[in-house]
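Have a look at the structure below before the remarks.
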Amino acid sequence: MTPTIVVFVLLLFIGAPVAVVMAMSGLAGGFALGGERMLGIIADRMFSGVSGFLLIAVPYFIFTAELMNQGGLTHKLIAFNNSLFGRVRGALSHVNISVSVFFAGLTGAAVTDTVAIGKIMIPEMKKQGYDAEYAAAVTACSSIIGPIIPPSVVMVVYATLLRDISVIDLFAGGIVPGLLMALALLGVSFFLAWKRGYPKQAPTPFKVAMMSFFVALPAMVVPLIILGGILSGLTTITEASGFAAVYAIVIGVVFYRNLTWRKIWDALVVTVRFSGVVFFLLATSAVLGWFVTRSGIARDAAGLITTFSDAAFLQLMLVCVLLLVIGTVMDVLPALVVVAPVLVPAMIQLGFDPLHFAILMIVVLNVSNVTPPVGMTLMTAARIAEVPYERAIVASLPFYVAFIGVIVLLAAFPALSTWIPSLL
């Protein structure tokens, strides 16, 4: 195990890509376990890591999200949500959060939400008198709901890494936690809007509100197509994702009429690039995961956790703190593929429900997406708002506290994650 740790830390310290770190660490571990005869297993493990039929859904979900972005869907969702919150103080702040909830059912990727929503909402919020750092903070913090409310690329990756939980259960388990995070953000948003006197907007006439609803309706049907087909058992994950991509093209070309062949091509290019990153991470993580299984690291990790406390809740909180710390230096997907093969078997060995811990891990790692120094979504939003990253960090602290409250709730009450899957 020592060669693996040395290689892992050294490569991570010099800034090597995470996929390379995992591949070389697994290679060193395999050689330490059985010499040259183990090296032939590496290629087989990498192939098996990306050969699952379920993974076909990943590029389809990414493609659907990009089609929606290219087709101008964000404007329609913002107009509809603005008609709901327009007369309330701090309306644009609440709209920013509520749009992210709708968008979460379309993209499943936090940074995609940040860019799509931030490019429209942040300049408009600044124009109406909101602080630039606050506009960046609320955009980044609401965007991390995307990978929690299904569909979610992160959940598909998790189900591929650890095949003890179906992706359907993960999708269903993410609904309540995602909505809880949205409610927590709205609570902070309402409080800060009242305290700072953020502006109201003129009430939207009922006729205009209904018109904006009907314009946005075809786009809002996409999550129903995906989730309805999957949860009802009519389609597999892969079939639902493929149908959603076809539907996105149809409504973009025929209904909204602003999705051109050039935009479809651009969406395909982004899909190929992002999918390549995801699949390379999965291939190399399979190597490291194989070594973790063979070496007994998961058993040692379980023993280490029990040395700190015998109380289940405190053990969960300890692991959540560890995940937050890891998330400060790594993005969500790399962090997931590195720690999940070690922590999940250890927590199952300690008696925790695998679905409950899976949802908790996904939530915590996504919260770390707004945690410095990496904080990819917050960094992206700060760049769009043209505000120093440090000021955006300070502005995000109230929302961060709300997220910590949600994490404690999810850890204390497993039913929040397991209730809907139990109904299926």
Side-chain angles (χ1 to χ4, degrees), residues 1 4-5 8-9 144 147-148 152 154-155 157-159 161-166 169-170 172-178 180-181 184 285 288-289 291-371 374 400-422:
M1 185 164 61
T4 302
I5 296 174
F8 186 90
V9 173
I144 67 173
I148 298 167
S152 167
V154 175
M155 289 179 179
V157 170
Y158 186 100
L161 283 173
L162 298 137
R163 302 180 183 182
D164 54 338
I165 303 175
S166 73
D169 285 341
L170 289 171
I175 295 173
V176 172
L180 280 177
M181 294 177 75
S285 69
L288 186 60
F291 170 71
V292 167
T293 303
R294 290 294 300 267
S295 64
I297 293 177
R299 182 186 62 251
D300 297 337
L304 181 62
I305 292 170
T306 56
T307 60
F308 288 94
S309 175
D310 291 330
F313 178 74
L314 292 180
Q315 290 173 349
L316 270 181
M317 286 292 94
L318 176 67
V319 172
C320 287
V321 171
L322 173 63
L323 290 171
L324 284 174
V325 172
I326 292 171
T328 62
V329 294
M330 298 178 73
D331 201 9
V332 176
L333 276 179
L336 181 70
V337 297
V338 168
V339 301
V342 178
L343 283 180
V344 174
M347 298 305 284
I348 293 175
Q349 190 172 329
L350 291 174
F352 290 96
D353 182 278
L355 177 59
H356 173 223
F357 182 69
I359 297 298
L360 188 62
M361 173 183 276
I362 291 170
V363 169
V364 174
L365 286 177
N366 276 284
V367 169
S368 68
N369 219 348
V370 291
T371 308
V374 176
Y400 196 82
V401 172
F403 283 146
I404 297 301
V406 173
I407 289 172
V408 173
L409 272 178
L410 293 176
F413 302 101
L416 293 172
S417 305
T418 60
W419 174 60
I420 293 182
S422 69

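Heavy atoms only: backbone and side chains are in, while hydrogens, waters and symmetry mates are out. Sequential numbering from 1 along the given sequence is applied to the chain's residues.
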For I144 and V367, the nearest pair of non-hydrogen atoms, with its separation, is CD1-CA, 3.7 Å
Testing the basics here: between Y158 and P354, what is the closest heavy-atom pair and its distance to 0.1 Å? OH-O, 4.4 Å
Value rounded to 0.5 Å, distance of OG in S417 from CG in D169: 12.0 Å
Residues A184 and V406: closest non-hydrogen pair is CB-CG2, 3.8 Å
One should read off an interatomic distance between F403 CZ and L410 CG, to the nearest 0.5 angstrom, of 11.5 Å
What closest approach, in Å, do V364 and C320 show between heavy atoms, and which atom pair accounts for it? CG1-O, 3.6 Å
For F313 and V408, what are the C-alpha separation, side-chain angles and deciding distance, and is it a side chain to side chain contact (heavy atoms under 4.5 Å, CB included)? CA-CA 9 Å; F313 178 74; V408 173; 4.0 Å; yes
Supply the atom-to-atom distance I165 CD1 to H356 NE2, rounded to the nearest 0.5 angstrom. 11.5 Å
Working to the nearest 0.5 Å, report the span between CD1 of I175 and CG of L416. 13.0 Å
Can you measure from OG1 (T371) to CG (L365) and round to the nearest 0.5 angstrom? 10.0 Å
With rounding to the nearest 0.5 angstrom, report the CG to CZ distance, L343 to F352. 11.5 Å
Closest contact, heavy atoms only, M317 versus A411: CE-CB, 3.4 Å
Is M181 close to N366 at the side-chain level, that is, under 4.5 Å between some pair of heavy atoms? no
For residues M347 and L316, report the shortest heavy-atom separation together with the two atoms involved. CE-CD2, 3.8 Å
For L360 and V319, run side chain to side chain contact (heavy atoms under 4.5 Å, CB included): C-alpha distance rounded to whole Å, both residues' side-chain angles, the deciding distance at 0.1 Å, then the answer. CA-CA 10 Å; L360 188 62; V319 172; over 6 Å; no
Is there a donor-acceptor contact under 3.5 Å from the side chain of S152 to the main chain of P147? yes
Please lay out, stage by stage, how L318 and L322 fare under the test side chain to side chain contact (heavy atoms under 4.5 Å, CB included). CA-CA 6 Å; L318 176 67; L322 173 63; 6.0 Å; no
